[in-house]
Structures are given as structure tokens and as C-alpha cells.
Amino acid sequence: MALEEMKSDMIEHFSELQAIKKDNGGHENQTLDYRIKVLSAKLASLGVNVEDLTL
């Protein structure tokens with residue numbers, strides 16, 4: 001898998017997790033928050049600014 005394709009897939013996954021969090025109605029979900037944090041760190045390490053993607 002090419003790097004750009006991997007970045008695109010990770011951005012799509014990040015946006016899906018963000019949508020789930022938004023639809024969660026403010027209920028705390030530590031697993032979801034952790035997965036978002038990890039994916040955010042991975043994207044940042046690839047040079048992707050996730051601030052523009054965060055709901």
C-alpha cells in the first residue's frame with residue numbers, strides 16, 4: 001500500500017470515529033477516546049494535521 005493511500009485510509013477511519021463520537025450524545029466512551037487519540041498520533045507522525053478533521 002502506498003503511503004498516500006495509507007494516509008487516505010487513516011483519515012477516513014479518523015473521520016468515522018469522529019462521527020461516532022459526535023453521535024454518541026455526550027456519553028463517555030474511554031475506548032473510543034483512546035482509539036481517536038492513537039489514530040490522531042499516527043496521522044500526526046505522517047504529517048497530517050488532524051485539527052482540521054476534528055469535529
Side-chain angles (χ1 to χ4, degrees):
M1 177 182 295
L3 181 59
E4 291 303 314
E5 184 180 357
M6 184 173 62
K7 283 183 188 180
S8 178
D9 287 347
M10 290 174 72
I11 288 169
E12 183 65 30
H13 187 64
F14 183 80
S15 66
E16 289 170 358
L17 291 178
Q18 287 289 307
I20 291 168
K21 182 173 181 164
K22 182 179 179 192
D23 291 343
N24 205 20
H27 296 283
E28 183 178 346
N29 184 327
Q30 292 178 345
T31 302
L32 179 60
D33 292 341
Y34 177 75
R35 293 185 72 167
I36 290 171
K37 184 182 283 189
V38 169
L39 192 51
S40 176
K42 287 180 179 182
L43 285 166
S45 75
L46 293 173
V48 177
N49 182 358
V50 295
E51 288 181 17
D52 295 337
L53 304 173
T54 303
L55 293 175

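By convention here, the first residue in the shown sequence is residue 1.
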### Task
Begin from the C-alpha positions of F14 and Q18 and carry the test side-chain contact (heavy atoms from CB on, under 4.5 Å) through to its verdict.
CA-CA 6 Å; F14 183 80; Q18 287 289 307; 3.7 Å; yes
### From CA spacing to verdict: side-chain contact (heavy atoms from CB on, under 4.5 Å), K21, N29
CA-CA 8 Å; K21 182 173 181 164; N29 184 327; over 6 Å; no
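For the atom pair L17 CG and K22 NZ, the distance stands at 15.0 Å (nearest 0.5 Å). If you take CD1 on I36 and CD on E16, they are separated by 11.5 Å, rounding to the nearest 0.5 Å. In this structure, CG on D33 lies 12.0 Å from OG on S40, to the nearest 0.5 angstrom.
A donor-acceptor contact shorter than 3.5 Å is absent between the side chain of N24 and the backbone of G26.
Tracing side-chain contacts under 4.5 Å through hydrophobic residues (I, L, V, M, F, W, Y), one reaches L3 starting from V50; they form part of the same cluster. Residues M6 and V38 fall into different hydrophobic clusters, defined by Ile, Leu, Val, Met, Phe, Trp and Tyr side chains chained together at heavy-atom separations under 4.5 Å.
K37 has its side chain out of reach of K42: every pair of non-hydrogen atoms, C-beta onward, lies at least 4.5 Å apart.
Not counting sequence neighbours, the partners of I11 by the side chain to side chain contact (heavy atoms under 4.5 Å, CB included) test are L43, V48, L53.
There is a side-chain donor-acceptor pair under 3.5 Å between E28 and Q30.
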